[in-house]
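Naming convention: chains lettered A, B, ... in sequence-line order (proteins, then strands); numbering from 1 in each chain.
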Protein chains: 2
Amino acid sequence: MTTQRRERAPRQADVARLAGVSQSAVSRVIGGDPEAATRIPEDTRRRILEAVKELGYVPNLSARKLRNKTNRLLGVHTFEPVFPHARESFYFEFLLGIEERAEEIGYDLVLFTSTGAGDGRRRVYRDGTNRLNVADGTVLLGVATDKADLARLWQEGYPFIHIGRRDVPGADIPCVVPDYFGITGDIAGRLAALGHRHVAYLREDLELEPYEDRRRGYADAVGRLGLTDRSPGFRGEPGLDDAWLDELARGPETAVVSESERLAESLLRGLRARGRDVPADVSVVVLEGIGPEASPRWEHLDIPRKEIGRIAIDALVAIVDDPDARTESLDVPCSIVDGDTTASARS
Amino acid sequence: MTTQRRERAPRQADVARLAGVSQSAVSRVIGGDPEAATRIPEDTRRRILEAVKELGYVPNLSARKLRNKTNRLLGVHTFEPVFPHARESFYFEFLLGIEERAEEIGYDLVLFTSTGAGDGRRRVYRDGTNRLNVADGTVLLGVATDKADLARLWQEGYPFIHIGRRDVPGADIPCVVPDYFGITGDIAGRLAALGHRHVAYLREDLELEPYEDRRRGYADAVGRLGLTDRSPGFRGEPGLDDAWLDELARGPETAVVSESERLAESLLRGLRARGRDVPADVSVVVLEGIGPEASPRWEHLDIPRKEIGRIAIDALVAIVDDPDARTESLDVPCSIVDGDTTASARS
DNA sequence: GATGCTTGCTCATACGTATGTGCAGTGCGC
DNA sequence: GCGCACTGCACATACGTATGAGCAAGCATC
């Protein structure tokens, strides 16, 4: 092994010349092709490996990928900045799972992170070029998903999977998604089991797919369980106003499902201002992962993010291995974290 | 543009067939080769671009890189986890500068982030393969730099630059480094200008390159300015003990340079316990970027991290463009942030 | 001693792109 | 009516790797 800095990277042909064999012999030894490797005797094999060391040969990944169509490199692309802190704590656990699983199965990870447009949004395509294709496949994340990019990736046949459900007309985007539909149904069921018959729903002013699933799951359960909900949120109106708080304080409702901690907090303030409390008069469940430091200890939905990250990698690898395999969206069960904000219905 | 999902990615040859030209004509139109493009009439050009749209052609980056040896992709590799929060705030600004500058000059960024070894350290090589070589060059960061990796990259001739000085015997690693030597000299100069003649130095128990530079810069200035320093830190002993605090409280020293805020804080406590205060009796300057919320407002060293990130990209691109250009380490001037912890020497 | 199997390789080719060279056709000058 | 420059492409090749096919030598078998 020379300590000289090289002028040109050596290729297999150089190794071959030094070892006195052909380039293909080198390739077989390097690649560890198991069937053919046995046909190369230990002696030749050693000569080749010595030449590799001597020249400091390192395989050219681009050539490999061109030939093999595979790299053992998986990408992670976020449609919004990863570096900025704001959303980071939310995505952190996904990334942990992704990283963990990728390493377990011997894939390397690259994180794509350039901003093509000037608007801070991450885009996949930059003047007609798909940067992702240096990796065998990519996990996509982020609320600000660019659907045009998604559609194009799908149409292009590039192997990818999206964390969180995203619908694109005409394409069926492979996703791994928290089972919001099921868990909001379970939450309604739990409230019903506590004796609550009149319930309400607090809706955020956002029309993203994850919210749709929660709303459908809740509505489905309300119907199935014969509950009554006359809240604005249930009818499709976001927010929480004084008129509705007045009505809630007077009315028969004994339980509320809130799409966010923020809404739940103003609900709590509003109720207390009207002489009512949680959970004595009204039970509250929050549909969002919230930190352990929250007060009160909201009963809430927990998304198994790390697990989802791991599942995303497995699903992606399946797609990479067989691009024709139709991958349906994968639902991952969520759980309910007990808190201090639910109780039996007052009789 | 068909909305069908494709079986196989179209190549330039497919586009050429559809447009009734040769593959090379397609390449010239796509690549925008300016000299040759003029020789292709608008009509043919349009036919080709239409075929590109029709087939949804996207260039193959691996083939391009194999042929061109360039991607317009730059890598960022951290020798320690990026995702975990601990060190993040420190590296955050570097990354901002890197990202900003890369975008300005039309390069895309990929962040390498797999852990080869089980010890959580990021390594560049994974069973003899250098993952970085999917990018044209890479910016390396992190305190836990693996010097063996660095040496191998250098020997391999791979274009890279390290943020922060790192010395490897036999190789000269291209670095962009905060000019600790210069700025600690300036700090000593500033103290001298305030009339301090007897000074002291508080040393961390770490032997990393950045600390060496600060120590050399300080020592050099002390000698040059004719100051006196009889502190353990100046002699090479780390830490701060009661014996020394007693001596400092009694002795002639009127100014202290501290390698960290942590040390400065215990210094402050020790002095106050002995009836002395900062800056009335002793001036203190801290050699580390500290948050604005610190109290007292330490006079301290400021590292222009974003600027360093930007410079790293420019230096890297220079190396990528001409691998033979010997890139000396780049010193980036630091500045002193005024605080409430220095004053003129008591007379 | 002809046949066939095994060993230990080499040869040739394909992956998709970019580019130097070449060549047929057209228009112009004389 | 011929030479010449210019236009508008096509042809061929190289980048570095992996792999199916093939081939010579050696050995065993009948």
Side-chain angles (χ1 to χ4, degrees), chain A residues 6 8-17 19-48 52 55 57-73 128-130 133-134 136 156-158, chain B residues 6 8-17 19-48 51-52 55-73 128-130 133-134 136 156-158:
Chain A
R6 275 194 316 258
R8 185 181 62 82
R11 20 182 209 281
Q12 290 183 351
D14 300 318
V15 174
R17 204 167 313 121
V21 295
S22 76
Q23 175 264 328
S24 55
V26 175
S27 173
R28 289 182 217 269
V29 168
I30 301 288
D33 176 6
E35 317 141 54
T38 54
R39 298 188 46 169
I40 302 216
E42 195 47 36
D43 179 49
T44 309
R45 179 186 194 69
R46 226 196 36 248
R47 260 175 26 241
I48 292 178
V52 163
L55 296 179
Y57 166 80
V58 166
N60 179 321
L61 278 191
S62 300
R64 262 200 187 161
K65 167 125 198 184
L66 178 59
R67 165 71 213 220
N68 287 347
K69 287 150 171 25
T70 175
N71 249 354
R72 292 197 82 73
L73 228 51
T129 303
N130 171 5
N133 74 18
V134 304
D136 293 346
E156 194 190 312
Y158 180 83
Chain B
R6 275 195 315 259
R8 185 181 64 82
R11 21 179 208 281
Q12 291 183 351
D14 300 318
V15 174
R17 206 169 308 121
V21 295
S22 75
Q23 175 263 329
S24 57
V26 175
S27 173
R28 287 182 220 269
V29 168
I30 300 289
D33 177 5
E35 316 141 55
T38 55
R39 299 188 45 168
I40 303 216
E42 195 48 37
D43 180 50
T44 309
R45 179 186 193 70
R46 228 197 34 249
R47 265 182 14 248
I48 292 178
V52 163
L55 296 179
Y57 166 80
V58 166
N60 179 321
L61 278 191
S62 300
R64 264 202 185 159
K65 168 125 198 184
L66 178 59
R67 164 72 213 218
N68 286 346
K69 287 152 172 22
T70 175
N71 249 353
R72 294 197 81 75
L73 228 52
T129 304
N130 171 5
N133 74 19
V134 304
D136 293 345
E156 194 190 313
Y158 180 83

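- Note on A:D136 versus A:K69: no salt bridge recorded, every NZ/NE/NH1/NH2 to OD/OE distance being 4.0 Å or above.
- For D:dC11, its base sits under 3.5 Å from the side chain of B:S24 at one donor and acceptor pair at least.
- C:dC15 atom P lies 12 Å from atom CG of B:N60, rounded to whole Å.
- Nucleic acid contact class of B:K69 (heavy atoms, under 4.0 Å, all strands): sugar-phosphate only.
- Scanning atom types as modelled, one donor and one acceptor separated by under 3.5 angstrom connect the side chain of B:Q23 and the base of C:dA18.
- Two residues are said to be in side-chain contact when any heavy atoms from C-beta on lie closer than 4.5 Å; A:I30 and A:Y57 meet this criterion.
- Regarding B:Q12, its CD atom lies at a distance of 16 Å from the P atom of D:dC11, rounded to whole Å.
- You'll find a donor-acceptor pair under 3.5 Å spanning the side chain of A:R28 and the base of D:dG20, going by distance alone.
- The CZ atom of B:R67 sits 16 Å away from the P atom of D:dA12 (whole-angstrom rounding).
- Residue B:N68 contributes atom CG, which lies 13 Å from atom P of D:dC15 at whole-angstrom precision.
- End-to-end axis angle of the helix from C:dG1-D:dC30 to C:dC30-D:dG1, from C1' rotation axes over five pairs per end: 60° (rounded to 10 degrees).
- OP1 or OP2 of D:dA18 sits under 4.0 Å from a side-chain N or O of A:R64.
- When the P atom of D:dA18 is taken as reference, atom CD1 of A:I30 falls 8 Å away, rounded to whole Å.
- For A:R11 and D:dG16, the shortest distance from a side-chain N or O to OP1 or OP2 is below 4.0 Å.
- Heavy-atom nearest nucleotides on DNA chain D were determined for A:A13 and for B:V21, and the one closer to the 5' end corresponds to B:V21.
- Each of B:L66 and B:R47 has a nearest nucleotide on DNA chain D; the 5'-most of these lies closest to B:R47.
- Of the side-chain N and O atoms in A:T44, one or more sit less than 4.0 angstrom from OP1 or OP2 of C:dC9.
- Side chains of A:R47 and A:V21 form a contact here, defined as non-hydrogen atoms less than 4.5 Å apart.
- Between the CG atom of A:N71 and the OG atom of A:S62 there is a distance of 8.0 Å, given to the nearest 0.5 Å.
- Atom CD1 of B:I40 and atom P of D:dA10 are 8 Å apart (whole Å).
- Between the CZ atom of B:R46 and the P atom of D:dC9 there is a distance of 13 Å, given to the nearest Å.
- Across all their heavy atoms, B:P59 and A:T129 have their closest contact at CG-OG1, 3.8 Å.
- Residues B:R45 and B:I40 share a closest heavy-atom pair of N-CG2, 4.1 Å.
- Counting heavy atoms from C-beta on, the side chains of A:D43 and A:R46 come closer than 4.5 Å.
- Rounded to whole angstrom, the span from the CG atom of A:D43 across to the P atom of C:dG8 amounts to 11 Å.
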